[in-house]
Structures are given as C-alpha cells and as structure tokens.
Amino acid sequence: MSKILDSKVPEGALAEKWSKHKFNVKLVNPANKRKYDIIVVGTGLAGASAAASLGELGYNVKAFCFQDSARRAHSIAAQGGINAAKNYPNDGDSVFRLFYDTIKGGDYRSREANVYRLAEVSNNIIDQCVAQGVPFARDYGGLLDNRSFGGAQVSRTFYARGQTGQQLLLGAYSALTRQVANGKVKLYDRTEMLDLVLVDGKARGIVTRNLITGKIESHSAHAVVLATGGYGNVFFLSTNAMGSNATAAWRAHKKGAFFANPSFTQIHPTCIPVSGDHQSKLTLMSESLRNDGRVWVPKKAIKGLSAKDAVSLPEEDRDYFLERKYPSFGNLVPRDVASRNAKMMCDEGRGVGSTGLAVFLDFADAIKRSGKDVITAKYGNLFDMYQQITGDNPYEVPMMIYPAVHYTMGGLWVDYNLMTTVPGLYAAGECNFSDHGANRLGASALMQGLADGYFVLPYTIGDYLANMPNEKVSTDHEAFQTAEKEVKERINKLLSVNGNKTVDEFHKELGKIMWDYCGMSRNEEGLKKAKKMISEIRKEFWENVNVIGDNHEMNQSLEKANRVADFLELGEVMVDDALQRSESCGGHFREESQTPEGEALRIDDMFSFVAAFEYAGDNQPEKLHKEDLVFDNVKLTQRSYK
Amino acid sequence: MNLTLKIWRQKNQQDKGGFKDYKISDISPDMSFLEMIDVLNEDLVKKGEDPVHFDHDCREGICGMCSMVINGRPHGPKQAITTCQLHMRSFSDGDTITIEPWRAKAFPVIKDLVVDRTPFERIMQAGGYVSINTGGVPDANAIPIPKNMAEDAMDAAACIGCGACVASCKNASAMLFVSAKVSQLALLPQGMIERKSRVEKMLMQMDAEGFGACTNTGACSAECPKEISLTHIARLNREYYSAKVYSENV
Ligand SMILES: Cc1cc2nc3c(=O)[nH]c(=O)nc-3n(C[C@H](O)[C@H](O)[C@H](O)COP(=O)(O)OP(=O)(O)OC[C@H]3O[C@@H](n4cnc5c(N)ncnc54)[C@H](O)[C@@H]3O)c2cc1C
Ligand code: SF4
Ligand code: FES
C-alpha cells in the first residue's frame, strides 16, 4: 500500500469495524463543541444532512451553496429512489447482501469497509427521513412500500413517487433550516467557493465570491467539508443541473487533495436524445421504463427513421438487440451494458431519428399486454414529460432514447473517515470517490449522500477536532490574503482576455472531445489524441475567451467562465486516468480489454487499485498514487449477463 | 421561427429598469424556452453586450429556480409546467413574447429576471420542519400511515418553492406556498406535535416579510407548476383557527 494513501480502515471483522471505530474515536466535550467552527460547502443531500447534524451537535456551522436556496441543490432532481437493507418485504435482503451487491455492482473497485458501513447505516437513513415527515410511498396497510430497482433481485428501494430526491432533500433542508433558526448554522446562498485555504498544512477555510455583489470573502474554520456534487458537466451535456461543477473539488485538488478514479463516469442508457446544437442539457427518463419497454433498432440501416414510420416497420425487420444478445436479462441489463450496446448500434449506422443517434424504446407490446391504463398508472408522468419535450406521444409511437452522462463515481480521494489527503478537509456525497467503485447501482447515491452527512461525518469530524486546539485563525492571516489575491487575479484575467469565443463554445468543444474519446468506450489512440486536443483548447481559452461585464455585480458569464476553466483542467486528468487503466471495468470500457464476445474484461491482478492523482504544479503531469484494494469478504467474479 | 422578445432589463436592485426589444431568428420548435434565451445570450455576448440574467438550474421542472413571467403569466402559457419545461413549439413564427421577472414587493429584482426569494427561506425557518435531531428516532415502520394520507401529504410536499403563486396573486400573497408545507406536516403523525405553533409562526413570518393577505382568488393554484391545490389553503385555515383557540404564541 502506498505510504501516503493510508485508508485508515479499522482492524477487526468487517461487520464490527464501524461500531468499534465509533467507540474508539475521541469525543469533543459538549461544552467545547461551540468553540469549533465547521464550513460545509454544498447543501445537497450530503451537505445539508452534514450541516444540520453538526449544528445539532453544537458546532458552529457555515453552509454554502451557489443557488438562491439550499433546497435547490441538484439532489432535488433524483427520481427513482433510495436503497436500504430493511428487508421489510422479507425477500432475503440483509446488510451483507446490500454490501455485496454494491461491491459487485461497482465491479470490485471500491473499498470493502466503506461499502459495508454504507449498507449498515442505510436503515437509519430511512428512519430518520420518515421522522422528518418525508412522505414515502406506502401500501394499503400503511407500511412503507418498496420496489426493485436497476435489476436488483430484492425490493429494497424506498421512493416518493418519481420525486424521491426532492423529498429527501426537502427533509434534510428542513433539518438544516431548523438549525439556521436555532442560530447554529449560518447559511450563505448565492455564494460560490473559489478556493481552499491551508494554514500549517491543514484546511482552515475557504475564499468565496458573493454571486450578487461579486464580493470576494474569506471564511475561517477548524475543518472544511466539501459536499459539492459530481462533475458530469465536464461533458457539457449531461443530466446534471446547469450549474453543477467541479470548481470546489478542483481547487481543493490543487491545494493538495488527491483526485481518485477521475475517469469513472456513469452513462445512463435512458435519456432523451439530443435534438440539435442548441441543446443545453439532457433529461433522464427513469430506468424503470426498461421494465416494460423493448429496445430496438432496424435490422438494416434506414436513414432518418422517425418514430412515426417505425410503427409500421414489420417485426422481422426489427432487431431487439438487448433481448437477442442477453437472453436472460434482456432489456434489463445493467446501465453500462445497455448504453454501450445502444452506441454500438448507432456506430453501425442503425441508429434512428434525424440524427441517427438514438434507439427505440417501444411500449406497443406492453400496452397490448397490460392495457393502456396499467401503463399510464406506472409511467403516466414520464410519458407526459417525454411528450412535452419531444412532441411525440409514446402511447402511439416508440420513444427514442440515447445514453447520457449521469453520475461521476470518481472524486476526491478520502479515507475511512471521509478525510481527503489534506488534514481537516473532508469530502462527502458525489464529490468523493468512496463507495461506488467503477459503477454505481441505481438508488445508492442518495443513500451514500445521506449516510455520509447524517451518520459518518458527525463522528469522524469530532475525532479530528478533539485532537486539535480550538484557537481560531483570523481571515487576516496571510494564507487567506494570498488566496484572495489569487482568486481576484484569476477573475481579472478572465475579464480582461476580451477574445472572440464565448465560454459555452469552449465548453461545448471540451464536452465533445470528452464524449467522443473518454465516454462510453475508450482506446489508447483516442485518449492520446484527446489529451492533446484538450491542452490546446485550454491554451486557447485563456487567450481567446470573451467574458462580458465586471466583477462587482451579478455576472453569470463570469460564473460560467470560472467553472469551465476548471473543467478544462479536470478533463485532462480524466483522460490520464482512462489511459493508465487499460482494463475494462464497470462503466469504464477499454476497447483493448474485451472478451472474444466483445464484453468488458476486467484485469484484477493489475488493476485492483484506486488511482489517486496528485497535483504537481501548473502544466506538470499529475502524479499517480495507488491504493491497493484488498477483498477479504467477497470473491471476485466477472460479471456476466448472457 | 422568427420572434420579437420584449425583455425586462434591470442592471441591479437600484436601477429602474425597463423593457428592451430583441429580434431573434431561426428558432427551432424543438428548443426549450430557456435554450431560446441561451441562443439570444450567445448573440449578445458576441456583440459585447451583457447577456440577459435569469435563474435556472435543473432545467427539468424540479429545482424551482427558473422564474419568468411570459406574456403576463408566471411560467408561461401552459398549465402545470415550469419555465424550463416550456418548449418553443408552444409559440408561432412572428410572435412577440414579453418576458418579465416575478413581480412582488417581497421579491425585489436583483438583476434582469433574477429576483430575491429569500423571504421563503425565513418562512421555512419559522417552523417548516419537525423538531427532531439526527439519530434516536423510531423505526420507520413503527407508525403506520394510511396510504391516502401519505398521498395527500405527498401532493402538498410536491411544492418546488418557485414563487409563481406569489407572482400570480394580485395581493402577492405567499399563502399557497405556506399552506403546502403546513398541510404536508399536519397530515402526517410526525408533524402533529408542533402543528399549532407551526402554522402560527409561519403565517406571522409571511406577514412580516411583506407578502399580502389571501383573498381566495385562486390565481396561485391555477398558475402553480405543481398544481398545488386550494384545499391546502383551506386546511391551513382550519389549522390556524384551531391553533388560535388555544394559542400559546400570539
Ligand atoms: C437526473 C438525476 C436523477 C438521479 N436519480 C437518482 C436516484 O433515483 N437514486 C439515487 O440514489 N441517485 C440518483 N441520482 C444521483 C444523485 O442524485 C446524486 O448523486 C446526489 O444527489 C448528489 O448529492 P450531493 O449532495 O453529493 O450533491 P448535490 O446535490 O449536487 O449538491 C451539490 C451542492 O454543492 C453546492 N456547490 C457546488 N459547488 C459549489 C461551490 N463551488 N461553492 C458553493 N457551493 C457549491 C451546490 O450549490 C449544491 O448545494 C440522480 C442524479 C440525477 C442527475
Ligand atoms: S405552491 Fe406552487 S407556485 Fe407556489 S412555490 Fe410551490 S410550486 Fe411554486
Ligand atoms: S430550472 Fe429547475 S425548475 Fe426550472
């Protein structure tokens, strides 16, 4: 194991590690808690739950988000549900099974101890949310309803209609709000973190920009938590919100936090296809649609085949390619397999619609079999949404779908305590790399965000603070002054280029390169090409970008420019990571590493590690560190869905 | 499509602001309304002009960030959707479209179409929660809740906090927004304990923020993208009067 990358996994049997650790951590005396300040950046599931719980314990918390309200973090958009090992349906679920499924689903590229803890606290999450008044779906007896999600063999997913993320976030937000009312949390909305401040090698604060006034400010604390979400918007088009970005994590990376498995991206198979150059984001259609919809393309390429014309295409001319290739799982193969196969069909020229970048998801048989009413009851909302966006009626013509970037498993490297390689800097939720390995299972991101915030950080941060004097660092300290100066200089630089290209133009160029060469399938040649192209775009960005306005007012062009500048750097590290990992695993498909049948081939003896990148200075290659993954409790198997 | 846009431009809170006309061409009916504004903004930046500022994030109707009054209607001409869910196929070639921010005393304009909705935050802080800490709560299935109650609570909880109800109300009342939270928590056993103080405190805060009184015109519910029903206001009123009888706060 690498010397620097100490995962701090406690000794002992898997199932006892967390209880033992909770007992062994040092506690901060209740009367002393108010002497410690904690900064939490991000108010999604991870950030809001952490800030609320830390405030309840008595710490002084400052919470930050760039939206106008904490309630609008992108967690709000999650639809499907949240997993927990309650085993309410009595169908054989257990903590160990949830752990096992998550490790296996992540294709054996995550840490056993973290994943086990996640499964262990999953049940507390559901209790907590219900107590907050989250209106989960119930059955006629008044008990909580569960469904099976993303191909799981047990029904362990709790949901609140198609708005689970919204309801869970509003629950966490209400807890946060209560602490704001109690004076234990101070909330800074429309405020963006632009740098991390280290004093004596420890995270001691952040520099922010007030998005209304442009004011650059410093905030000091004893510990900093980043819960700033995923970086899928590197690809320009993704299912993330427009503002989702990597800036906080990236600036922390440049201050010493290692970035782990940056190339591990999840591409979701059922999204509404791109309709033209104007496209600004992609909309996810729930995975549950694949329970009844059949995926197909024509057997022989038909240029520009529309959904309307598809209805009359005879059965014998259709290729239900997932059913054909994976007879036992059919349309329910995992996300990466479904996505890759859709891409393959389009690469063969058999894609449909005006762009040729789509496949059909057809409900005609399901409607014939179960009746329109049953389908409406199950998917009515989704069908309406689809019609609203595309103008097509999915009751009459097949839907068109195409894969889209959805989630980033990679993120800041953290140890068992969720601490990054910078002492006092923690990362929670999608912005860390911790629990999903090379592929995330459906309904487990919500679980992880809330596990980190409600049940892990409140213990582990206490342990760190208990070992630390409570003296405060003044924001007049030179470390803050230097960081503020750097932030201001960068902003001035962005505003003074006065070039000919808009920020979006650069972002779209980057996105296209990432999608073409570092997307659903990757090869060495393409990745090398991508690396060169990205560094050229980055150079051009700083010479030719046009950012309008000034810093002393609300300036949305400047906000975007700051974020895209960071995406341009992160993109290159994603490519580096994809290059070094010449195996296929989880959502990462390396063309050089496949079985004779064209399926992903994982190479355990070479790649059972977490790749953690260390920033080594501007325009210097990043340094790769490896944390070896050891599996004592599960046997490694190759996935097969044939 | 070729369109004329009349857009409210206002540099900051102090500025008086006014409409400015923009011509825009080659708009595809498949674009979303906000993508149409993106196209305009790209043009403006190219010309060295300040782009139109507007709030948006998820662009799928759930975060509650987007907030435009389009041709006099909050979130535009179609029922039950947000601004970001509106598509250009709802308009015709040659149309003139007027675009304004939410208008309400309690929601001052920050810039162009961006308004300050933090009064909603303070209303929530006044009581929009159940007072429990993390941990030490009963098992999730310890208290069964009838399915129809859970469904009604979910209907109320669907509110996205966008503020269209305020923008559509001639009194600029926030009653629908407040009632959605009061109703959700009044329907669930978990919210019972604080139901009386909650409704009083939240309404007091609503008044303090400068929102108007509710005179039951129903415009809020008609324009609400989540179709939050007026029955929640009725429930709030019942909660309020029964709270008043034993009031501990007022
Ligand atoms: C459309 C969609 C559907 C999904 N469905 C599911 C599902 O059904 N089940 C599931 O388990 N998962 C789902 N996911 C994944 C899951 O929703 C996310 O991974 C998870 O919600 C992320 O939560 P988070 O708290 O880490 O980050 P977020 O909720 O993204 O919050 C990030 C926070 O950080 C703040 N922030 C970011 N940068 C800065 C900065 N520089 N300064 C200040 N603040 C900053 C933001 O303002 C925000 O408050 C879905 C994701 C998407 C996109
Ligand atoms: S009640 Fe409706 S209109 Fe008002 S804030 Fe909630 S969702 Fe928006
Ligand atoms: S942008 Fe989120 S609701 Fe419109």
Side-chain angles (χ1 to χ4, degrees), chain A residues 52-53 56 67-69 71-72 74 76-77 86 88 124 126-128 130-133 135-144 160-161 163 166-167 170 174-175 177-178 180-181 189 212 241-243 275-276 278-281 283 388-389 391 454-455 458 502 504 546 548-549 553-554 556-557, chain B residues 11-12 28 30-32 34-35 38-39 42 45-46 48-51 53 55-60 62-65 81 85 87 89 110-111 114 117-118 120-121 124-126 128-135 137-141 144-147 150 153-154 157-158 161 184-185 188 190-191:
Chain A
S53 306
E56 287 161 9
Q67 292 93 345
D68 72 330
S69 165
R71 66 182 288 157
R72 308 203 202 281
H74 194 49
I76 202 93
K86 283 280 192 189
Y88 284 154
N124 303 70
I126 304 303
D127 300 342
Q128 191 65 33
V130 167
Q132 289 166 343
F136 282 122
R138 291 178 180 267
D139 54 31
Y140 287 99
L143 300 180
L144 293 163
R161 291 204 189 134
Q163 290 126 273
Q166 180 198 26
Q167 294 311 314
L170 292 181
S174 73
T177 292
R178 177 169 160 254
V180 175
D189 45 36
I212 300 177
M242 299 301 288
S275 74
H278 56 264
Q279 192 90 27
S280 61
K281 77 153 274 163
T283 303
Q388 178 62 39
I389 294 177
Y454 284 133
F455 298 109
T502 65
D504 276 357
N546 185 8
I548 302 285
E553 58 179 17
M554 176 170 267
Q556 293 178 334
S557 322
Chain B
K11 215 171 151 32
N12 50 44
S28 139
D30 287 333
M31 277 183 195
S32 74
L34 295 184
E35 283 167 349
D38 290 342
V39 170
E42 284 286 289
V45 173
K46 290 250 173 218
E49 292 176 37
D50 199 21
H53 280 57
D55 267 333
H56 64 114
D57 199 27
C58 72
R59 294 207 178 183
E60 45 189 77
I62 193 74
C63 73
M65 194 102 180
I81 56 169
Q85 291 174 298
H87 278 69
R89 69 180 75 84
I110 294 173
K111 181 170 181 177
V114 177
R117 281 175 289 198
T118 48
F120 271 11
E121 300 296 299
M124 285 297 188
Q125 286 156 22
Y129 44 76
V130 177
S131 297
I132 46 138
N133 285 350
T134 301
V137 298
D139 183 87
N141 260 346
I145 301 175
K147 186 178 168 70
M154 181 61 220
Q184 175 202 345
L185 294 178
L188 297 171
Q190 288 80 9

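Convention: sequence-line order gives letters A, B, ...; per-chain numbering from 1.
- Closest approach of B:L188 to A:G133, counting heavy atoms only: CD1-O, 3.3 Å.
- When heavy atoms are compared at a cutoff of 4.5 Å, A:Q67 approaches chain B by way of both its backbone and its side chain.
- Contacts of B:I132 with chain A are made by both backbone and side-chain atoms, with heavy-atom separations under 4.5 Å.
- For the atom pair A:H278 NE2 and B:D30 CG, the distance stands at 6.0 Å (nearest 0.5 Å).
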Take B:K46 and A:T502 through the side chain to side chain contact (heavy atoms under 4.5 Å, CB included) test and state the conclusion after the steps. CA-CA 7 Å; B:K46 290 250 173 218; A:T502 65; 4.2 Å; yes
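- Both the backbone and the side chain of B:I145 come within contact range of chain A, judged by heavy atoms closer than 4.5 Å.
- Panel note: side chain A:N546, backbone B:V45; a donor-acceptor pair is recorded below 3.5 Å.
- Interface check for chain B: of the options A:Q163, A:R161, A:E553, the most heavy-atom pairs under 4.5 Å are formed by A:R161.
- Closest heavy-atom contact between A:P135 and B:Q184: CD-NE2, 3.9 Å.
- Put simply, CG on B:L34 and NZ on A:K281 are 11.5 Å apart, with the number rounded to the nearest 0.5 Å.
- Looking at B:R89, its side chain does come within 3.5 Å of a backbone N or O of A:Q388 through a donor-acceptor pair.
- Of the residues listed (B:Q125, B:M124, B:E121), the one engaging A:V180 in a side chain to side chain contact (heavy atoms under 4.5 Å, CB included) is B:Q125, and it is the only one.
- Here the closest heavy-atom approach between residue A:D68 and residue B:T118 is recorded as O-CG2, 4.3 Å.
- Interface remark: A:L144 contributes backbone and side-chain atoms alike to the contact with chain B (heavy atom separation under 4.5 Å).
- With a 4.5 angstrom heavy-atom cutoff, A:Q166 touches chain B only via side-chain atoms.
- At a 4.5 Å heavy-atom cutoff, the contact between B:D57 and chain A is made by backbone and side-chain atoms alike.
- Scanning both residues, A:R138 and B:A150, for their nearest heavy atoms gives CD-CB, 3.8 Å.
- With a 4.5 angstrom heavy-atom cutoff, A:Q556 touches chain B via backbone and side-chain atoms both.
- Side-chain contact of B:E60 with A:T283: a donor-acceptor pair under 3.5 Å is absent, judged by distance alone.
- Of the two parts of B:R59, the backbone and the side chain both hold a non-hydrogen atom closer than 4.5 Å to a non-hydrogen atom of chain A.
- Both the backbone and the side chain of B:A158 come within less than 4.5 Å of a heavy atom of chain A.
- Atom CD of residue A:Q128 and atom CG of residue B:N133 lie 8.5 Å apart, to the nearest 0.5 angstrom.
- Contact of A:Y88 with chain B is made through the side chain alone, with heavy-atom distances under 4.5 Å.
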Going through the distances and angles, do B:V137 and A:Q132 end up as a side chain to side chain contact (heavy atoms under 4.5 Å, CB included)? CA-CA 10 Å; B:V137 298; A:Q132 289 166 343; over 6 Å; no
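- Between chain A and the options B:T134, B:D55, B:V130, heavy-atom pairs under 4.5 Å are most frequent for B:T134.
- In terms of heavy-atom pairs under 4.5 Å with chain A, the best-connected choice from B:G161, B:A153, B:P51, B:G48 is B:G161.
- For chain B, the nearby part of A:D139 is the backbone; its heavy atoms alone come within less than 4.5 Å.
- Taking chain B as the reference chain and counting heavy-atom pairs below 4.5 Å, the highest number among A:A181, A:G142, A:S69 is found for A:G142.
- Across all their heavy atoms, A:I126 and B:A140 have their closest contact at CG2-CB, 3.7 Å.
- In this structure, B:P138 and A:D127 approach most closely via the heavy-atom pair O-CB, 3.5 Å.
- Once rounded to the nearest 0.5 Å, the distance linking CD1 of B:I110 with CE of A:M554 reads 5.0 Å.
- Chain B forms more heavy-atom pairs under 4.5 Å with one residue of A:G391, A:A175, A:S557, A:G276 than with any other, namely A:G391.
- The most heavy-atom pairs under 4.5 Å with chain A, out of B:K111, B:Q85, B:H56, come from B:K111.
- Options A:H74, A:M242, A:R72 differ in how many heavy-atom pairs under 4.5 Å they form with chain B, and the most are formed by A:R72.
- In this structure, CD on A:Q279 lies 5.5 Å from CD on B:E35, to the nearest 0.5 angstrom.
- Once rounded to the nearest 0.5 Å, the distance linking OG of A:S275 with NE2 of B:H87 reads 7.0 Å.
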